[in-house]
2 protein chains.
Amino acid sequence: MLDSLPQTQTRADEAFDCLQTAIVKGELAPGEKIGELELCERFQLTRGPLREALGRLESRGLLVRRPHAGVKVVSVSAGELLELYRIREVMEGLAARQAAERMTDQEIADLQTTLDTHEAMIEQAQGQAYYQAEGDYDFHHRIATGSRNTKLAQMLLGDLYYMVRMYRYRLSTSAGRPHMALGEHRRIVEAIAQRDGELAEFLMKRHINAARRNIEQKIEEGLLTF
Amino acid sequence: MLDSLPQTQTRADEAFDCLQTAIVKGELAPGEKIGELELCERFQLTRGPLREALGRLESRGLLVRRPHAGVKVVSVSAGELLELYRIREVMEGLAARQAAERMTDQEIADLQTTLDTHEAMIEQAQGQAYYQAEGDYDFHHRIATGSRNTKLAQMLLGDLYYMVRMYRYRLSTSAGRPHMALGEHRRIVEAIAQRDGELAEFLMKRHINAARRNIEQKIEEGLLTF
DNA sequence: GGCCAAGAGATTGTTAACAAAACCGGCTTT
DNA sequence: AAAGCCGGTTTTGTTAACAATCTCTTGGCC
């Protein structure tokens, strides 16, 4: 039996997690110059571990750093969000294809169960946006890990998804089109269950492409501003 | 006029660069547990900046870290290298497509010039493997930046290429098939020059796919071992 | 009145010492 | 004899003080 989570997590790890979520949730304004001691007080730690966490965040592109001038949260634009979706399209397409080839039957069954509970939540239409988004992340998360492609999962889960979530919070836009997305998810899982990698890739690419165009449209309508 | 390179580079940056190249070139054995003080002496710096660099490298997947147990260079397998090429295939395909849409005419002209000098070097057949590899990196580098997709370029140049280079050094395999690769490069640039993004993507994917199968074949023949 | 320069203040980069946890040896115990 | 326990030693994680750099303000000059 394992005790919750290993407390062996270092202070720098905590700082990294706290800062990452803070940035993603928009608690730290983009472009804002943030001082180290300010962060130290905020997260109750000293500069050593903090700088280590800062380095990791910079390496992941969530912070930009100018020597001797401090760090600031990365500035984001609507165009860059769309570029992110282009990357997601090809990478998650690959993930879906490899997941179709490599996921265990049990994993696929779990994935279908996930969609069932997801569907129930949508139909109840309560807490719709939040659960929708969470369910969406869960879905894509499982497929990324199911690809059995270590680096691919690392890039998706460690880099891209956090970026996308950051934009999502900034845009304060719920995922939108919940029913349609669920149907697309169902079809992707179907393809995976049939071990049809080519189809799974095609459907996933189309799914993300549709999401991208949805955002694009909202931007053109002026509904999304920064 | 700018003075060579800004000396404003911090010690942690130096450590990061040194360590990265050391890992990539295989000077640090994979799976080897390396002590911090050992590295401090080696690169003539103290533990503060070193730890910052270590964090960045861990975040990029070149090191693995166990709390209180030290860092070790990431262990690599032949299978993971092939997985890397799968990722390259889709990402660089996207890069080629976007490069075809967005590169300036000047950039395209430069790219063609690069291939010319590259061809000359191959025909002289002296220092073939080295220049071949360098030219190959240069080619892919230009297309990645030419995509004008910030995050895409960041992921390719900052993560994937270093990984691939690491494997290359470990396998001590030259790129192989120099003439064929050059021809493929030429065709890709042609497609880009004609602003045919779809074709550029197709050709790039096929190019990387061919490289992957080349490696796969060598592995099966037992020519590549770890 | 606006621009440039110099200095004070603050902030970042770096270093060295301190505390805690993991590894390794030998010992005891079954 | 093998396995588990225990303490010393090494190494990592953390902290606090020091040094170098940048920024902002103030003053002077054009």
Side-chain angles (χ1 to χ4, degrees), chain A residues 1-20 22-23 28-75, chain B residues 2-20 22-23 27-75:
Chain A
M1 38 195 96
L2 32 112
D3 314 339
S4 61
L5 270 188
Q7 198 99 25
T8 55
Q9 202 174 228
T10 173
R11 237 72 177 234
D13 291 329
E14 294 178 38
F16 178 77
D17 290 337
C18 289
L19 274 171
Q20 182 162 243
I23 293 173
L28 277 60
E32 182 184 358
K33 196 191 304 176
I34 50 183
E36 291 186 0
L37 46 88
E38 184 181 352
L39 292 175
C40 287
E41 187 177 354
R42 178 168 183 163
F43 296 111
Q44 212 66 15
L45 45 87
T46 48
R47 288 181 56 211
L50 180 82
R51 286 180 64 83
E52 198 181 317
L54 254 44
R56 284 198 247 177
L57 287 167
E58 184 204 12
S59 184
R60 294 204 175 178
L62 271 68
L63 294 179
V64 290
R65 217 171 182 181
R66 222 176 22 165
H68 301 96
V71 299
K72 67 171 196 262
V73 181
V74 68
S75 307
Chain B
L2 31 112
D3 315 337
S4 60
L5 269 188
Q7 198 100 24
T8 55
Q9 203 175 230
T10 173
R11 285 300 257 269
D13 291 330
E14 295 178 35
F16 179 76
D17 289 337
C18 289
L19 273 171
Q20 182 162 243
I23 293 173
E27 296 169 13
L28 276 59
E32 183 184 357
K33 199 188 303 179
I34 50 184
E36 291 185 0
L37 47 87
E38 184 183 352
L39 293 175
C40 287
E41 186 176 355
R42 178 169 182 162
F43 297 111
Q44 212 67 13
L45 44 87
T46 48
R47 290 182 53 212
L50 180 81
R51 285 181 63 84
E52 198 180 318
L54 253 43
R56 284 198 248 178
L57 287 167
E58 183 203 12
S59 183
R60 295 204 175 179
L62 270 70
L63 294 179
V64 290
R65 217 171 184 182
R66 224 178 19 166
H68 300 95
V71 298
K72 65 173 198 265
V73 180
V74 68
S75 307

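No hydrogens, no waters, no symmetry mates; every other heavy atom, side chains included, goes into these values. Keep in mind the model is a prediction, meaning the values are calculated, not measured. In what follows, chains carry the letters A, B, and so on, assigned in the order in which the sequence lines appear, proteins first and then strands, with residues in each chain numbered from 1.
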Give the rounded distance in Å between these two atoms: [atom1] of [X] and [atom2] of [N].
X: A/E41; N: D/dT15; atom1: CD; atom2: P; answer: 15 Å
X: B/D13; N: C/dT14; atom1: CG; atom2: P; answer: 8 Å
X: A/R11; N: C/dA21; atom1: CZ; atom2: P; answer: 12 Å
X: A/K33; N: D/dC22; atom1: NZ; atom2: P; answer: 13 Å
X: B/K72; N: D/dT11; atom1: NZ; atom2: P; answer: 18 Å
X: B/E36; N: C/dA22; atom1: CD; atom2: C1'; answer: 14 Å
X: B/H68; N: D/dT12; atom1: NE2; atom2: P; answer: 11 Å
X: B/Q9; N: C/dG13; atom1: CD; atom2: P; answer: 13 Å

Q. Does B/E36 have any salt bridge (Lys or Arg N to Asp or Glu O under 4.0 Å) partners at least two apart in sequence or in another chain, and if so, which?
A. B/R47, B/R51
Q. The helix from C/dG1-D/dC30 to C/dT30-D/dA1: angle between its terminal axes, five pairs each, to 10°?
A. 20°
Q) Between D/dT12 and A/T10, is there an OP1 or OP2 to side-chain N/O distance shorter than 4.0 Å? A) no
Q. So, is A/R66 near the phosphate of D/dT21, with a side-chain N or O under 4.0 Å from OP1 or OP2?
A. no
Please tell me if the side chains of [X] and [Y] come closer than 4.5 Å, counting only heavy atoms from C-beta onward.
X: A/Q44; Y: A/E14; value: no
X: A/Q20; Y: A/R60; value: yes
X: A/T10; Y: A/E52; value: no
X: B/L50; Y: B/R11; value: no

(Q) I want to verify a distance call: between D/dT11, C/dT15, C/dA22, whose nearest atom is closest to the B/A69 side chain? (A) C/dA22
Q | Within residues 43-56 of chain A, residues whose heavy atoms come under 4.0 Å of DNA chain C | A | A/R47, A/R51
**Q.** For A/L63, the option from A/V74, A/L19, A/I23 that meets side-chain contact (heavy atoms from CB on, under 4.5 Å)
**A.** A/I23
Q. Per the side-chain contact (heavy atoms from CB on, under 4.5 Å) rule, which among A/L57, A/L62, A/L28 passes with A/V73?
A. A/L28
Q. Above 12 or not: heavy atoms from other molecules or residues under 6.0 Å from CD of B/E41?
A. no
Q) Can a salt bridge be assigned to the pair B/R65 and A/D13 using a cut-off of 4.0 Å between side-chain N and carboxylate O? A) no
